[in-house]
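Notes for the one structure printed next.
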Amino acid sequence: MKISSPIGDFKIIQTIKNRDELLILGSWQNLVKAFDSSRTFLVNRNDSLFGIYVCKQECAEFMNKIIQDIDYHEWEDFKIEKPIYQNQFQA
């Protein structure tokens, strides 16, 4: 899952080896804003890509922080052209 937020741009990947462990990828600057720098490691030097392993609970807390930091005042002109549920069936 790719996430762009005021905190930074991240990519979250579920690891194959351990389903309860997630890998969050991003720049050094963005990752250390949210996590301890001692846990952050280099993934790709050419792309300046860093990563951190987290459990699902820690990832949920991270996502909650991102959601709380959304500036909803930027949504003044936000309009939904067509409801997304229009063609869905409900049980």
Side-chain angles (χ1 to χ4, degrees):
M1 165 182 8
K2 291 183 180 180
I3 299 172
S4 294
S5 74
I7 296 174
D9 297 329
F10 304 96
K11 185 173 184 180
I12 301 175
I13 303 169
Q14 184 176 26
T15 61
I16 295 172
K17 190 166 82 171
N18 183 352
R19 294 284 184 197
D20 291 329
E21 186 176 62
L22 301 167
L23 174 61
I24 300 179
L25 301 171
S27 71
W28 172 266
Q29 184 178 18
N30 293 339
L31 286 174
V32 297
K33 284 181 194 173
F35 301 100
D36 184 17
S37 63
S38 65
R39 295 173 53 197
T40 306
F41 59 91
L42 180 64
V43 175
N44 185 322
R45 184 179 307 272
N46 293 337
D47 294 334
S48 297
L49 185 65
F50 291 82
I52 185 168
Y53 286 108
V54 296
C55 66
K56 287 184 177 180
Q57 178 62 39
E58 190 175 11
C59 186
E61 292 168 4
F62 171 65
M63 298 287 291
N64 190 30
K65 180 174 177 13
I66 288 175
I67 291 169
Q68 288 176 357
D69 288 344
I70 293 174
D71 183 5
Y72 293 102
H73 297 292
E74 296 177 359
W75 290 19
E76 291 174 354
D77 298 327
F78 182 74
K79 294 178 185 170
I80 298 176
E81 298 288 326
K82 176 177 159 184
I84 57 173
Y85 58 84
Q86 185 175 15
N87 295 328
Q88 295 179 353
F89 295 103
Q90 296 181 0

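Computed over heavy atoms, backbone and side chain alike; hydrogens, waters and symmetry mates excluded.
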Q: Of all the heavy-atom pairs spanning Asp36 and Ile52, show the shortest one and how long it is.
A: O-CD1, 4.4 Å
(Q) Tell me whether Ile7 shares a hydrophobic cluster with Leu25, the cluster being built from Ile, Leu, Val, Met, Phe, Trp, Tyr side chains joined at under 4.5 Å. (A) no
Q: For Phe50 and Thr40, work out which heavy atoms get closest and say how close.
A: CB-CG2, 3.8 Å
Q | Listed partners of Phe62 passing ring-ring contact (aromatic ring centres under 6.0 Å, His included), at least two apart | A | Phe10, Phe35
Q | Inter- and intrachain pairs under side chain to side chain donor-acceptor pair (under 3.5 Å), touching residues 8-26, at least two apart | A | Ser4-Asp9
Q: Would you indicate whether the side-chain heavy atoms of Glu61 and Val54 approach each other to under 4.5 Å?
A: no
Q | Which residues share a side chain to side chain contact (heavy atoms under 4.5 Å, CB included) with Asn64, sequence neighbours left out | A | Gln68
Q: Could you tell me which non-hydrogen atom of Gly51 sits nearest to which non-hydrogen atom of Leu23, and how far apart they are?
A: CA-CD1, 4.2 Å
Q | Path from Ile66 to Val32 over hydrophobic side-chain contacts below 4.5 Å | A | yes
Q | Neighbour count >12 (heavy atoms, 6.0 Å) for atom NZ, Lys33 | A | yes
Q | Test applied, side chain to side chain contact (heavy atoms under 4.5 Å, CB included); reference residue, Leu49; option that passes from Leu31, Leu42, Asn44 | A | Asn44
Q | Shared hydrophobic cluster for Ile16 and Tyr53 (ILVMFWY, side-chain gaps under 4.5 Å) | A | no
Q | Straight-line distance of Ile24 CD1 to Ile3 CD1, nearest 0.5 Å | A | 7.5 Å
